[in-house]
Amino acid sequence: MGDEGFAIGDRAPELELSDTEGATQGLPAFGEASATVVVWTCNHCPYALAWHDRLLDLHADHVGDGVRVLMVNSNDAERYPADSPEAMRERHAAEEWPLPYLHDADQSAARAWGARTTPDVFVLDAELRLAYRGAPDEDHQRPELRAQWVRDALAAVLAGEAPQRPQTEPVGCSIKWREA
């Protein structure tokens, strides 16, 4: 249902969405962040929930490095009320997320980026070029893996290098597209 998105080395499509407080958030300006991680996620998918703490830990470990992390929910909130803006706001507040949780109400961002699953992780360099795309690590049931694939990609980007593993298959629940 989603489009192909963009390839490794390509500049990321625009991303400007409302967060849980109603403020507009998006990608940093060119060169404003040392790297940006954009994660498609949601409130109900067991894969997204399993990887959630690992991704928050990654954010905590890299916030001092100028890395920006954004979480995006594009699921059809009418068919999946657990992913409604209200439910997103409640979860964001209750869990005290230290990063933005953005709502892609019309699913245009997911289509432009080619996001397919929750989670689906995109790591961008300082020039907002795609350096890594895929799963956080090899197994959602093994928290000790600590989102290692994303960490490896970030380490390479922060060192000014290309990741050794630029792409993996995103694993998780499919994005819940609106019925046509």
Side-chain angles (χ1 to χ4, degrees), residues 12 15-75 83 85 87-104 109-110 113 115 117-161 163 165-168 170-173:
L15 183 70
E16 198 169 281
L17 301 167
S18 292
D19 66 15
T20 54
E21 302 304 314
T24 300
Q25 301 243 8
L27 295 176
F30 182 85
E32 190 176 273
S34 55
T36 303
V37 180
V38 180
V39 181
W40 259 262
T41 191
C42 71
N43 286 352
H44 79 275
C45 170
Y47 294 90
L49 295 172
W51 268 308
H52 177 78
D53 287 344
R54 286 178 248 183
L55 293 166
L56 288 185
D57 289 346
L58 176 130
H59 165 72
D61 292 347
H62 287 285
V63 71
D65 298 330
V67 174
R68 178 145 161 97
V69 179
L70 302 169
M71 302 286 208
V72 180
N73 182 350
S74 296
N75 282 348
D83 290 326
M88 289 172 60
R89 189 171 22 267
E90 288 170 14
R91 180 175 179 212
H92 189 266
E95 296 178 12
E96 299 179 353
W97 290 20
L99 46 81
Y101 193 14
L102 310 179
H103 186 233
D104 180 19
W113 284 61
T117 60
T118 57
D120 199 344
V121 181
F122 296 78
V123 176
L124 310 175
D125 66 15
E127 297 177 354
L128 303 175
R129 296 192 181 282
L130 184 61
Y132 172 83
R133 192 275 174 93
D137 56 49
E138 68 181 85
D139 190 342
H140 73 286
Q141 295 180 321
R142 294 184 51 205
E144 70 275 11
L145 295 177
R146 302 188 65 234
Q148 195 60 51
W149 291 347
V150 179
R151 289 177 181 278
D152 291 346
L154 268 178
V157 166
L158 294 173
E161 301 168 1
R165 180 187 291 116
Q167 193 156 357
T168 63
V171 176
C173 301

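Residues Y132 and R165 share a closest heavy-atom pair of CD1-O, 3.1 Å. Nearest heavy atom pair, residue V150 against residue V123, reads CG1-CG2, 3.9 Å. Shortest non-hydrogen contact noted between A35 and L154 is CB-CD2, 3.6 Å.
The structure places CG of N73 at 11.5 Å from OG1 of T20, a figure rounded to the nearest 0.5 Å. Rounded to the nearest 0.5 Å, atoms OG (S74) and NE2 (H103) are 7.5 Å apart. One finds the CG atom of L70 at 10.0 Å from the CG atom of D19 (value rounded to the nearest 0.5 Å). Atom CZ of residue R54 and atom NE2 of residue H140 lie 8.5 Å apart, to the nearest 0.5 angstrom. H92 NE2 to Y101 OH: the interatomic distance, rounded to the nearest 0.5 Å, is 9.5 Å. The distance from atom CD of E95 to atom NE2 of H52, rounded to the nearest 0.5 Å, is 4.5 Å.
Side chains of M71 and H59 form no contact here, defined as non-hydrogen atoms less than 4.5 Å apart. Contact check for T41 versus W51: no side-chain heavy atoms found under the 4.5 Å cut-off. Between L55 and V69 there is no side-chain heavy-atom pair separated by less than 4.5 Å. Proximity of E138 to Q148: side-chain heavy atoms (C-beta onward) are nowhere separated by under 4.5 Å. Between V37 and H62, the closest side-chain pair of non-hydrogen atoms is not below 4.5 Å. When side chains are defined from C-beta on, L99 counts as touching L56, because their heavy atoms get closer than 4.5 Å.
Heavy-atom neighbours of E16 CD from other residues, nucleotides or ligands within 6.0 Å: at or below the threshold of 12.
When atom types are taken as modelled, the side chain of D65 and the backbone of V67 share no donor-acceptor pair closer than 3.5 angstrom. Side chain of R91 to backbone of C42: a donor-acceptor contact under 3.5 angstrom is found. Not a single donor-acceptor pair under 3.5 Å links the side chain of T36 to the backbone N or O of L124.
In this structure, W40 and W113 have tilted ring planes: the angle between them lies in the 30° to 60° band.
When the options D152, D139, D61, D137 are evaluated for a salt bridge (charged side-chain N to carboxylate O under 4.0 Å, His left out) with R146, the one that passes is D61. Each of D83, T118, D104 was scored for a side chain to side chain donor-acceptor pair (under 3.5 Å) with N75, with one residue passing: D83.
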